[in-house]
Amino acid sequence: MYKYTTASFASSRRLGAARSALGRGALYSSEASAIKRVAVVGGGQMGAGIAQVSATYEHGVTLIDVNHEALDRGHAYMAKSLARVAKKKFPEEPAVAHDWVEAVLGRVRRTTSLPEGVANADLVVEAVVENIAVKQKLFADIAGAAPGHCLLASNTSSLPIGRIAEPLDAPTRGRTLGLHFFNPVPQMKLVEVVRAAETSEQAVGRAVAFVKSIGKAPAVCKDTPGFIVNRLLLPYMMEAIRLLERGVADARDIDTAMKLGAGYPMGPFELCDYVGLDTLKFITDGWFKEGDGLRGDKAFAASGKLDELVAAGHLGVKSGRGFYDYSKK
Ligand code: CAA
Ligand code: NAD
């Protein structure tokens with residue numbers, strides 16, 4: 001676990017302010033604007049995917065999580081996913097495929113120390129639990145330890161980037177933005193680049209260049225709840241749960257209907273389980289309580305079925321059970 005005392009936090013903020021001042025001069029040099037070193041905070045399904053893809057495209061990557069077990073899980077996720085990619089890339093050459101996987105994994109350093117992990121990063125991408133207090137504290141800590149030219153990005157699904165950046169000073173808010181990847185990161189081509197009110201044009205430009213450098217397509221958008229994709233996807237997922245609760249059909253038939261009737265690659269319950277039911281609940285509860293323009297919107301009202309599954313620890317694919325049981329697969 002990170003150990004921050006108030007004193008060390010205050011001194012790391014002073015160090016950050018000094019670095020910020022130093023970094024400002026270098027900000028406009030191409031040396032500082034090119035992103036070569038990426039730190040990813042949170043080695044869960046999203047963080048591990050972001051680290052993997054960054055390393056695949058030759059960036060030096062540091063993956064940071066709270067303990068070694070979480071880092072090991074992230075490593076296992078990357079190894080499994082890279083093996084899948086390598087099998088397609090080098091179908092006739094297993095030895096070459098193996099060496100390629102090892103080379104990519106070799107570009108990902110792992111640490112439980114946040115200050116050390118972000119110390120020389122050009123970009124930090126945060127992918128921890130969907131909780132505003134946790135993210136605000138983390139961004140303050142990152143800002144205190146990362147170089148003054150470093151971009152600070154959140155992979156949040158639903159939280160306003162402007163609120164995550166609230167504890168930061170104005171120059172740091174200028175280089176804070178959303179980089180919203182999609183699950184599974186190695187396969188999904190889109191990254192939403194979220195411009196908060198105070199994000200600088202230069203930060204958006206550098207983020208767009210980074211997204212292209214890892215083979216993804218950027219879509220730049222404003223800092224509004226759900227950005228583009230989740231603002232459309234979440235009402236659909238919640239309405240599917242309400243269809244189930246009203247007894248219109250069972251989960252399997254609703255999934256089949258949307259796959260075969262609407263051409264979706266996954267049905268809504270497969271998708272809920274894939275995203276994670278805890279994440280889905282964090283998003284919808286947050287919007288219902290205080291989402292800008294969404295407060296009290298019944299599309300995001302609590303669902304008894306979802307609450308029941310989350311309370312039982314059935315979080316979807318990542319816990320082995322959600323709407324479906326994955327333990328036998
Ligand atoms: N790592 C690497 N490659 C992967 C992968 C992974 N984790 N998962 C899937 N793939 C690749 C496979 O290797 C395969 O590649 P080829 O087509 O080149 O052979 C391809 O993806 C398809 O995989 P499969 O054949 O195994 O299975 P599938 O056809 O059912 O596709 C899927 C799997 C890509 C996940 C597909 O079902 C899909 O697109 N589902 C919808 C996913 C989606 O909507 N994601 C967004 C969720 S919302 C979100 O992320 C935002 C948020 O904030 C909550
Ligand atoms: P996850 O539960 O799989 O992983 C979260 C990881 O963060 C865990 O490994 C945990 O140990 C780590 N963590 C928690 N607090 C930390 C801290 N203070 N410092 C370092 N690491 C910490 O979650 P996920 O599904 O990868 O989601 C992560 C973020 O990405 C959330 O904000 C979520 O909304 C967003 N997101 C999720 C999806 C999805 O489909 N699951 C898609 C896009 C965006």
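In each ligand, atom 1 is the first atom listed, and ligand 1 is the first ligand listed. Counting begins at 1 with the first residue of the sequence.
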Closest heavy-atom approach to atom 22 (C) of ligand 2 among L114, V128, N155 is made by V128
Results of side-chain hydrogen bond (donor to acceptor under 3.5 Å, both in side chains) for N230 - residues two or more places apart only | none
D292 atom CG: more than 12 heavy-atom contacts under 6.0 Å | no
Under 3.5 Å, N or O to N or O, is E126 touching ligand 2 that way?
-> no
By ring-ring contact (aromatic ring centres under 6.0 Å, His included), which residues pair with Y77, not counting sequence neighbours?
-> none
If you measure only the distance, is there a donor-acceptor pair under 3.5 Å linking the side chains of H59 and S213?
-> yes
Counting from 1, what ligand 2 atoms have a heavy atom of Q45 closer than 4.0 Å?
-> 3 (O), 24 (P), 25 (O), 26 (O), 41 (N)
Below 3.5 angstrom, do we get any N/O pair linking N183 and ligand 2?
-> yes
Give every pair formed by an N or O atom of ligand 1 and a protein N or O atom closer than 3.5 Å, one pair per line with both atom names and the distance to 0.1 Å, or write none.
{"from": "ligand 1", "atom 1": "1 (N)", "to": "S81", "atom 2": "OG", "distance (Å)": "2.6"}
{"from": "ligand 1", "atom 1": "8 (N)", "to": "R84", "atom 2": "NH1", "distance (Å)": "3.3"}
{"from": "ligand 1", "atom 1": "13 (O)", "to": "R84", "atom 2": "NE", "distance (Å)": "3.4"}
{"from": "ligand 1", "atom 1": "13 (O)", "to": "K88", "atom 2": "NZ", "distance (Å)": "3.0"}
{"from": "ligand 1", "atom 1": "15 (O)", "to": "K88", "atom 2": "NZ", "distance (Å)": "2.6"}
{"from": "ligand 1", "atom 1": "18 (O)", "to": "K88", "atom 2": "NZ", "distance (Å)": "2.9"}
{"from": "ligand 1", "atom 1": "21 (O)", "to": "Q187", "atom 2": "OE1", "distance (Å)": "3.1"}
{"from": "ligand 1", "atom 1": "21 (O)", "to": "Q187", "atom 2": "NE2", "distance (Å)": "3.3"}
{"from": "ligand 1", "atom 1": "26 (O)", "to": "R84", "atom 2": "NH2", "distance (Å)": "2.6"}
{"from": "ligand 1", "atom 1": "45 (N)", "to": "N183", "atom 2": "O", "distance (Å)": "2.8"}
{"from": "ligand 1", "atom 1": "50 (O)", "to": "N183", "atom 2": "N", "distance (Å)": "3.0"}
{"from": "ligand 1", "atom 1": "53 (O)", "to": "S157", "atom 2": "OG", "distance (Å)": "2.7"}
{"from": "ligand 1", "atom 1": "53 (O)", "to": "H180", "atom 2": "NE2", "distance (Å)": "2.8"}
{"from": "ligand 1", "atom 1": "53 (O)", "to": "N230", "atom 2": "ND2", "distance (Å)": "2.8"}

With only distance considered, is K135 within less than 3.5 Å of ligand 2 through an N or O on each side?
-> yes
Indicate whether any N or O donor in one side chain lies under 3.5 Å from an N or O acceptor in the other, for T279 and E130.
-> no
So which of D278, L63, D65 gets nearest to atom 11 (O) of ligand 2, if we judge by its closest heavy atom?
-> D65
Keeping to residues at least two apart or across chains, list the side chain to side chain donor-acceptor pair (under 3.5 Å) pairs with something in residues 310-323.
-> D278-K318
Are any of the side-chain heavy atoms of P225 and W287 separated by less than 4.5 Å?
-> yes
Heteroatom distance test (M46, ligand 2): nitrogen or oxygen, under 3.5 angstrom | yes
Strictly under 6.0 Å, is that where the ring centroids of F269 and F323 end up?
-> yes
V41: numbered ligand 2 atoms lying under 4.0 Å from its heavy atoms | 19 (N), 20 (C)
Closest by any non-hydrogen atom to atom 35 (C) of ligand 2: pick that one out of G47, A70, S157.
-> S157
K318: numbered ligand 2 atoms lying under 4.0 Å from its heavy atoms | 1 (P), 2 (O)
N or O pair under 3.5 Å between H180 and ligand 2 | no
Heavy-atom nearest neighbour of atom 5 (C) of ligand 2 within options A127, S154, P184 = A127
Give the contacting part of R73 toward ligand 2: side chain, backbone, both or neither, where contact means a heavy-atom distance below 4.0 Å.
-> neither
Using a strict 4.0 Å threshold on nitrogen-to-oxygen distance, state whether E58 and K36 make a salt bridge.
-> no
For T172 and D169, does a side-chain donor sit closer than 3.5 Å to a side-chain acceptor?
-> yes
Under 3.5 Å: N/O of F182 near N/O of ligand 2 = no
N or O contact, Y274 vs ligand 2, cut-off under 3.5 Å = no
For residues V193 and C221, determine if any side-chain heavy atom of one lies less than 4.5 Å from a side-chain heavy atom of the other.
-> no
Heavy-atom pair of closest approach, residues F90 and A97 | CD1-CA, 3.7 Å
Take Y274 and Y326, measure what ring-ring contact (aromatic ring centres under 6.0 Å, His included) needs, and give me the verdict at the end.
-> CA-CA 11 Å; Y274 201 63; Y326 302 90; 9.2 Å; no
